Amino acid sequence: MLWSLLVRYLRPHWKLLLGVILFQLAQSIASLFLPTLNADIIDEGVATGDTGYILRVGGLMLLITLTQIVCAIVAVYFGAKVAMKVGRDLRGAVFSRVGEFSEQEVTRFGAPSLITRSTNDVQQVQMLVLTTCTLLVTAPILSIGGVIMAIRQDVQLSWLIAVSVPILLIAVGSIVVRMVPLFRRMQTRIDTVNRVLREQLTGIRVVRAFVRETQEIARFARANQDVTDVALSSGRLMALMFPIVMLVLNVSSVAVIWFGAFRIEDGSMQVGTLIAFLSYLMQILMAVMMATFMAVMIPRAAVSADRIGEVLATESSVVPPANPVNATVGQGELELLDVGFSYPGAEQPVLRNVSFIARHGQTTAIIGSTGSGKTTLVNLLPRLFDATSGSVLVDGVNVRELSPDLLWGQIGLVPQKPYLFSGTVRSNLLYGKPDATEEELWQALTIAQARDFVTEMNGGLDAPISQGGTNVSGGQRQRLAIARALVKRPELYIFDDSFSALDLATDARLRLALKQSTDGATMVIVAQRVSSIMDADQILVLEDGRIVGRGTHEQLLDTNTTYQEIVSSQLSAEEAA
Ligand SMILES: Nc1ncnc2c1ncn2[C@@H]1O[C@H](COP(=O)(O)OP(=O)(O)OP(=O)(O)O)[C@@H](O)[C@H]1O
């Protein structure tokens, strides 16, 4: 997965990558020349006292060093650019793929894991690209070129290379192999920390209300400790690496000087050659060490690439149509034909044989006890899930065949848990219709019975809203979410238990204003409270995922026992009559 991901995301930046390769090539070749020139200065210049030679070759060395520095800087700059661009593209790809997911896929991965995958995991791959770009050419050129140059200096001593390089490789390799499983564990444990943290932050009020701080602190401490443990284990292995590398490096230098000294003594080698050989051996070992560092990053990046690839390869279970219908009569009339639905992995279906028509210009209410399947039913309309059997039609067209933009554009959904985005009241209201006028916004707020409190808020329409809408009350949040749907002026309104946090008087005023202002639209209202739906044109009674009654309030009151039970549990006899 890592390889294919890198190929796919590096390809668009091939020009920069070519730049990295060329500048690194120049830099590495320059590095290879320096020890030879140094040897020449010692053997030809110092040994013979030729100052002119020393100055000439010294000047050349300076020039080469400057070239090397410039090339290295440019190569690193290009490399960093490539890495950042790959990171950006990967994050973008994960984000847009997640945007296509239905609720089902989001639940499968879990929001915290999706966040880790698009941040930490992408960063691991980005780091690998950065390191690879820095070492891609340098390491092989320095090691292979170093071997050639060292042999050119002295063949007799080259057995030292043949011994020290494999020793270094084996030592470092055996550490790297032990690190792979630790990295895999690390990513899942970071997921867990994110999950625990997120759960605790969102549920902070519940935690406090149930005096569970101590247990929650302990739960977080456990998750935190788990990450620390695995990071420490990999850190210990990393720490072992440096002394081993240094040991091999130092023992090799001593060996070169030891055996070189004998050869100098018997006159078969010059001092400069020995120093050059030593430099080349150091270059080779450093290159091997750099390559192994890169090797350390590969397993971690590979784990991360797998996790990113898994997201990218997951198709949404709600598939957009191949040949979408792009136009309908635009009335928002809704029809369900024998609809059934089961949650993935669930034994029992949540909805069974649900059929009804919600006509435009009319209000269709759905009532039922908790868990009867009301939210599941309304989630099928904007295709948050697809029905497992039967069909959902909007204006006579199956929602599976409708262009998603057209479908979503026609629907104004007020979810059971209204969500407001961080920004202002205005930015939230403009969410479905960015070009709405100020007058339209106030009109929507008036209908949603939110005008008064928005006027009183500091800043009015520009009053700040915090993430999730936590700085307004539950009832205010519901009304702002209703206003947001109203600004959009859709053909089909879906209110999923949207009046539950309102007091009875506000609820009644809101429904009256809605009725007067949404003329011609199709209204689907899910409610637990009978008073919220008494005047609906059609009421559907849902029980265990089946429609067990349909009609007006009066008709159901006469004929339907389930409805009668709901009514009698909620309304006094006078209210119901
Ligand atoms: N994501 C899910 N995965 C599995 N089962 C689910 C999921 N969401 C809901 N259910 C189950 O489906 C059934 C119907 O849930 P649903 O939320 O549609 O009920 P509801 O009538 O809207 O209830 P309420 O009035 O309390 O909101 C419940 O038994 C619930 O346990």
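Note that the structure is predicted; figures quoted are calculated from it, not measured. Indexing begins at 1, ligand by ligand and atom by atom, following the structure's order.
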Chemist: Would you list the pairs meeting ring pair (Phe, Tyr, Trp, His ring centres under 6.0 Å) in which at least one residue belongs to residues 179-221, sequence neighbours left out?
Modeler: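 Counting only pairs at least two positions apart or across chains, no ring pair (Phe, Tyr, Trp, His ring centres under 6.0 Å) contact touches residues 179-221.
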
Chemist: Apply salt bridge (charged side-chain N to carboxylate O under 4.0 Å, His left out) to the pair Glu440 and Lys433, showing each step before the final yes or no.
Modeler: CA-CA 10 Å; Glu440 285 176 291; Lys433 191 182 177 200; 2.6 Å; yes

Chemist: Can you pull the residues with any heavy atom under 4.0 Å from ligand 1?
Modeler: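 Shell around ligand 1 (4.0 Å, heavy atoms): Tyr343, Val350, Ser369, Thr370, Gly371, Ser372, Gly373, Lys374, Thr375, Thr376, Gln416, Gln528.
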
Chemist: Parallel under 30°, tilted from 30 to 60°, perpendicular over 60°: which one fits the rings of Phe109 and Phe101?
Modeler: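 Because their plane-to-plane angle is under 30°, the rings of Phe109 and Phe101 count as parallel.
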
Chemist: Answer with yes or no whether the side chains of Arg451 and Thr446 bring together a donor and an acceptor at under 3.5 Å.
Modeler: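 On atom types as modelled, these side chains qualify, holding a pair under 3.5 Å.
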
Chemist: Under a 3.5 Å distance rule, please check whether Ser498 uses its side chain to pair with a backbone N or O of Asp496 as donor and acceptor.
Modeler: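 Yes; at least one donor-acceptor contact below 3.5 Å.
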
Chemist: For Glu491 and Gln331, does a side-chain donor sit closer than 3.5 Å to a side-chain acceptor?
Modeler: no

